[in-house]
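The figures here come from the full heavy-atom set of this structure, side chains too, leaving out hydrogens, waters and symmetry mates.
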Amino acid sequence: MIPMLTWQQNGQTLILTGELDRDTLPAFWQQRQQLLKGINVINVSQLSHIDSTGLAMFVRLKSEQQSGNKWVLEGISERFKTLIRLYKVENFMN
């Protein structure tokens with residue numbers, strides 16, 4: 001089965017579904033600026049898998065945030081929390 005990542009906007013929330021890894025990331029990355037316009041929350045509760053590449057994407061997106069366009073992560077699984085702790089980016093991801 002080919003890994004997939006899909007996204008859907010619901011108001012000011014962007015919901016990611018599927019797998020976020022090095023294979024699925026490029027399609028999202030190419031559209032990120034358009035997708036994140038007006039977004040306050042990125043919901044990751046529907047992600048079945050996220051690897052270090054996915055975490056790196058969120059770290060990069062957080063570093064690119066402009067003061068007027070801030071978003072937060074919602075629905076972080078225990079596995080994703082563990083990955084965040086392993087890479088010691090807890091404070092950065094808040």
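The two residues R22 and P26 have their closest heavy-atom pair at O-CD, 3.5 Å. The shortest heavy-atom contact between T24 and E19 is OG1-O, 2.6 Å. Considering all non-hydrogen atoms of both residues, K62 and V72 come closest at NZ-CA, 4.3 Å. For the residue pair E74 and N43, the shortest heavy atom distance occurs at OE1-ND2, 2.8 Å. Residues W71 and V41 come closest through the heavy atom pair CB-N, 4.2 Å. Annotation for I42 and I39: closest pair CG1-CG2, 4.2 Å, computed over non-hydrogen atoms.
Going from atom OG of S77 over to atom NE2 of H49 covers 11.0 Å, rounded to the nearest 0.5 Å. The CZ atom of F28 lies 5.0 Å from the CG atom of L36; values are rounded to the nearest 0.5 Å. Taken from CH2 in W7 to CG in L20, the straight-line distance is 10.0 Å, to the nearest 0.5 Å. Of the inter-residue distances, the one linking K81 atom NZ with L73 atom CG reads 11.5 Å to the nearest 0.5 angstrom. With rounding to the nearest 0.5 angstrom, the CG atom of L83 is 6.5 Å from the CG atom of L86. Taken from CE in M57 to OG in S52, the straight-line distance is 12.5 Å, to the nearest 0.5 Å.
Using a cut-off of 4.0 Å between Lys/Arg side-chain N and Asp/Glu carboxylate O, E64 and R32 are scored as salt-bridged.
No continuous path of ILVMFWY side-chain contacts below 4.5 Å connects I15 to F80, so the two sit in separate hydrophobic clusters. Cluster membership check: V59 shares its hydrophobic cluster with Y87, using side-chain heavy-atom separations under 4.5 Å among Ile, Leu, Val, Met, Phe, Trp and Tyr. Hydrophobic cluster membership is shared by L25 and V89, with clusters built from Ile, Leu, Val, Met, Phe, Trp and Tyr side chains linked at under 4.5 angstrom.
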